[in-house]
Amino acid sequence: MVEETIRTIKKTERQAEEQIKQAEAKCSEILERASAEAKEIKSQAVRDAKAKAGDVLAEVKAAGEDSVKEALKSVDQQIASLKEAAGQKAEDAITAVIENIV
């Protein structure tokens, strides 16, 4: 009866050790899978961030180009206005010179 009890205890210990080994193997497998998933999630997050940054950069660039176009348009209008004013001043100067000659 004592021998049977010892065998039962040893059998139970072996079963417990096997269960521990299986649990450790399962734990390692779960950790490896989780690590791989975490790497993929990180990679996807980086790709998404780069794509979003690219979109924002394109928007900012387009807005900058629009601002430059508007500024150039304003400058062109100012140049045209100055040319017109200069033309009028030239006409006034010519008229004044002619009046002084006559």
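Index from 1, following the sequence. Atom set for the values below is all heavy atoms of this structure, side chains included, hydrogens, waters and symmetry mates excluded. Please read all numbers here as calculations on a predicted model, not as lab measurements.
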For Glu70, does its backbone N or O pair with a side-chain atom of Ser74 as donor and acceptor, under 3.5 Å?
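No, because the side chain of Ser74 does not come within donor-acceptor range (under 3.5 Å) of the backbone of Glu70.
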Value rounded to 0.5 Å, distance of [atom1] in [X] from [atom2] in [Y]:
{"X": "Ser35", "Y": "Glu40", "atom1": "OG", "atom2": "CD", "value": "12.0 Å"}
{"X": "Glu13", "Y": "Ile20", "atom1": "CD", "atom2": "CD1", "value": "10.0 Å"}
{"X": "Glu17", "Y": "Gln15", "atom1": "CD", "atom2": "CD", "value": "11.0 Å"}
{"X": "Asp92", "Y": "Lys89", "atom1": "CG", "atom2": "NZ", "value": "7.0 Å"}
{"X": "Ile41", "Y": "Gln44", "atom1": "CD1", "atom2": "CD", "value": "10.0 Å"}
{"X": "Gln19", "Y": "Thr12", "atom1": "CD", "atom2": "OG1", "value": "10.0 Å"}

Picking from Glu24, Lys26, Glu18, what satisfies side-chain contact (heavy atoms from CB on, under 4.5 Å) with Gln22?
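Considering Glu24, Lys26, Glu18, a side-chain contact (heavy atoms from CB on, under 4.5 Å) with Gln22 is found only for Glu18.
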Arg7 with Glu4: basic N within carboxylate O range, under 4.0 Å
yes
Is the shortest distance from a Lys or Arg side-chain nitrogen in Glu29 or Arg33 to a carboxylate oxygen in the other one below 4.0 Å?
yes
